[in-house]
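Notes to accompany the following structure.
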There are 2 protein chains.
Amino acid sequence: MRLSGGVESALHCCVALTAADGPVPAARLAELHGVSATYLAKHLQALSRAGLMHSVQGKAGGYVLTRSPEEITVLDVVEAIEGPRSTFVCTEIRQRGPLAVSPDDCTVSCVIARTMTAADRAWRAALREVSIADLRSAVGEDHGVDVLARIGDWLRSPLP
Amino acid sequence: MRLSGGVESALHCCVALTAADGPVPAARLAELHGVSATYLAKHLQALSRAGLMHSVQGKAGGYVLTRSPEEITVLDVVEAIEGPRSTFVCTEIRQRGPLAVSPDDCTVSCVIARTMTAADRAWRAALREVSIADLRSAVGEDHGVDVLARIGDWLRSPLP
DNA sequence: TTGATTCGGACAACATCTATCCGAGTATTA
DNA sequence: TAATACTCGGATAGATGTTGTCCGAATCAA
């Protein structure tokens, strides 16, 4: 079970966008982070479809966060990229084979499904407690408070 | 991010093995659960490599749990099937691009990696708290206390 | 010694993730 | 107002990992 690599790029983009005032094109975000521009575009589209950011087309277009960084959680980004489906899908093995239990006796879900779902919920709860604003302030603590300002300046600077 | 479907089969097999006294062949476990025999064998091999069960070859061979059900956690089974790798891998995006931070300033791991790793730990902690013995007793509560006994009888009964 | 039965790893088919391209649409600008 | 340059968006190939299958090597019972 490996998380899609696009999640990492998407989270970095969200943090970077908090330092920008206007729309930022996907190509510029890709250059800033040193990742494939065309592939990053795919993930930004997913974030746009999920309503986390809003895209403006045309010459001075790009992506803008729709909500304030405090109101966007890491879980929002993960679910936008990975889809809302749970990590575990129960195939009802208990209802198969020679000793299958009848559907009438399956009012509660299978124990294994309950266990995996509980773990899934714990995972999601941990991701929901961290917002983009939290990430941004932590980046400031880790690498200096002016890092975000430098990113903002670079995003605003014209192309060579 | 979807969990391998083999995890579900493997957990059901572990519970069933607690009802058996001697070794149980993979083909029989597959028939009991109504899953592909050759594919289930692959997962049982993984459990064997991980040391959770021990295989005996020959005519009356099969698989046996090496430890008591209380000492095998759901996490043990998941890691045996999925491998020990974490769900998230950090590619150090912060060290790339025109505003890359120098490796000297990366004494702590990236915030995003810390967040994802914390969520991963919460997930694993939830899985570690449930043992195969817990699953077995829950199955008894859900479908009657004699279910495990019937499974044991079926496993011991000769082939037609 | 024979023989049947078992596990074990090597071999294809499928799905998903990764990466890329070109067309549709829009604000700028002359 | 019309041209234009720039943007997003979905449709299109390649790489990686998962699912499913097969047959040989080893083992124990008879």
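A note on names: the letters A, B, ... follow the listed sequences, proteins ahead of strands, and every chain is numbered from 1. No experiment lies behind these values; they were computed from the predicted model shown.
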Separation of atom [atom1] in [X] from atom [atom2] in [N], rounded to whole Å:
{"X": "A:L44", "N": "D:dG9", "atom1": "CG", "atom2": "P", "result": "9 Å"}
{"X": "B:R49", "N": "C:dG8", "atom1": "CZ", "atom2": "P", "result": "8 Å"}
{"X": "A:I81", "N": "C:dT16", "atom1": "CD1", "atom2": "P", "result": "17 Å"}
{"X": "A:H43", "N": "D:dC8", "atom1": "NE2", "atom2": "C1'", "result": "16 Å"}
{"X": "B:E82", "N": "D:dG17", "atom1": "CD", "atom2": "C1'", "result": "11 Å"}
{"X": "A:M1", "N": "D:dT16", "atom1": "CE", "atom2": "C1'", "result": "18 Å"}
{"X": "A:R2", "N": "C:dC17", "atom1": "CZ", "atom2": "P", "result": "9 Å"}
{"X": "A:L29", "N": "D:dT7", "atom1": "CG", "atom2": "P", "result": "12 Å"}

Please determine, for the side chain of [X], which listed nucleotide ([options]) has the closest atom?
{"X": "B:K59", "options": "D:dA29, C:dG9, D:dT19", "value": "D:dA29"}
{"X": "A:K42", "options": "D:dT21, C:dT18, D:dA29", "value": "C:dT18"}
{"X": "A:S55", "options": "C:dC17, D:dT21, D:dC8", "value": "D:dC8"}
{"X": "B:Y39", "options": "D:dA11, D:dT21, C:dG9", "value": "D:dT21"}
{"X": "A:P25", "options": "C:dT20, D:dT7, C:dT18", "value": "D:dT7"}
{"X": "B:Q57", "options": "D:dC8, C:dC7, D:dT21", "value": "C:dC7"}
{"X": "B:Q45", "options": "C:dT6, C:dG8, D:dT19", "value": "C:dG8"}
{"X": "B:T38", "options": "D:dG9, C:dT18, D:dC22", "value": "D:dC22"}

> For atom CZ of A:R156, is the number of surrounding heavy atoms from other residues, nucleotides or ligands below 6.0 Å larger than 12?
Replying inline: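 Above 12, so yes.
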> At under 4.0 Å between heavy atoms, what does A:A26 touch on the DNA or RNA strands: base, sugar-phosphate, or nothing?
Replying inline: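 A:A26: backbone/sugar contact only, no base atoms under 4.0 Å.
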> How is A:G5 classified with respect to the nucleic acid when contacts are heavy atoms under 4.0 Å: base, sugar-phosphate, or nothing?
Replying inline: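 Here A:G5 touches the backbone only, sparing every base.
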>> Donor-acceptor pair, distance only, cut-off 3.5 Å: does the side chain of A:T66 make one with the backbone of A:G51?
In response: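 Confirmed, A:T66 side chain pairs with A:G51 backbone.
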>> Less than 3.5 Å apart, any donor N or O on the side chain of B:T91 or A:E8 sitting next to an acceptor on the other?
In response: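 Note: B:T91 and A:E8 side chains meet the donor-acceptor criterion.
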> Any side-chain donor paired with an acceptor under 3.5 Å for A:S68 and A:E71?
Replying inline: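 Present: a donor and an acceptor within the cut-off.
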> Hey, does the Lys NZ or Arg CZ of A:R128 hover above the aromatic six-ring of A:W123, less than 6.0 Å from the centre and inside 45° of the axis?
Replying inline: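 No - A:R128 does not lie over the ring of A:W123 by the 6.0 Å and 45° rule.
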>> Measuring to OP1 and OP2 of D:dT21, would you say a side-chain N or O of B:S36 lies under 4.0 angstrom away?
In response: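 Yes, within the criterion.
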> Between B:G58 and A:V24, who's closer to the 5' end of DNA chain D by nearest nucleotide?
Replying inline: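 Its nearest nucleotide being more 5', the pick is A:V24.
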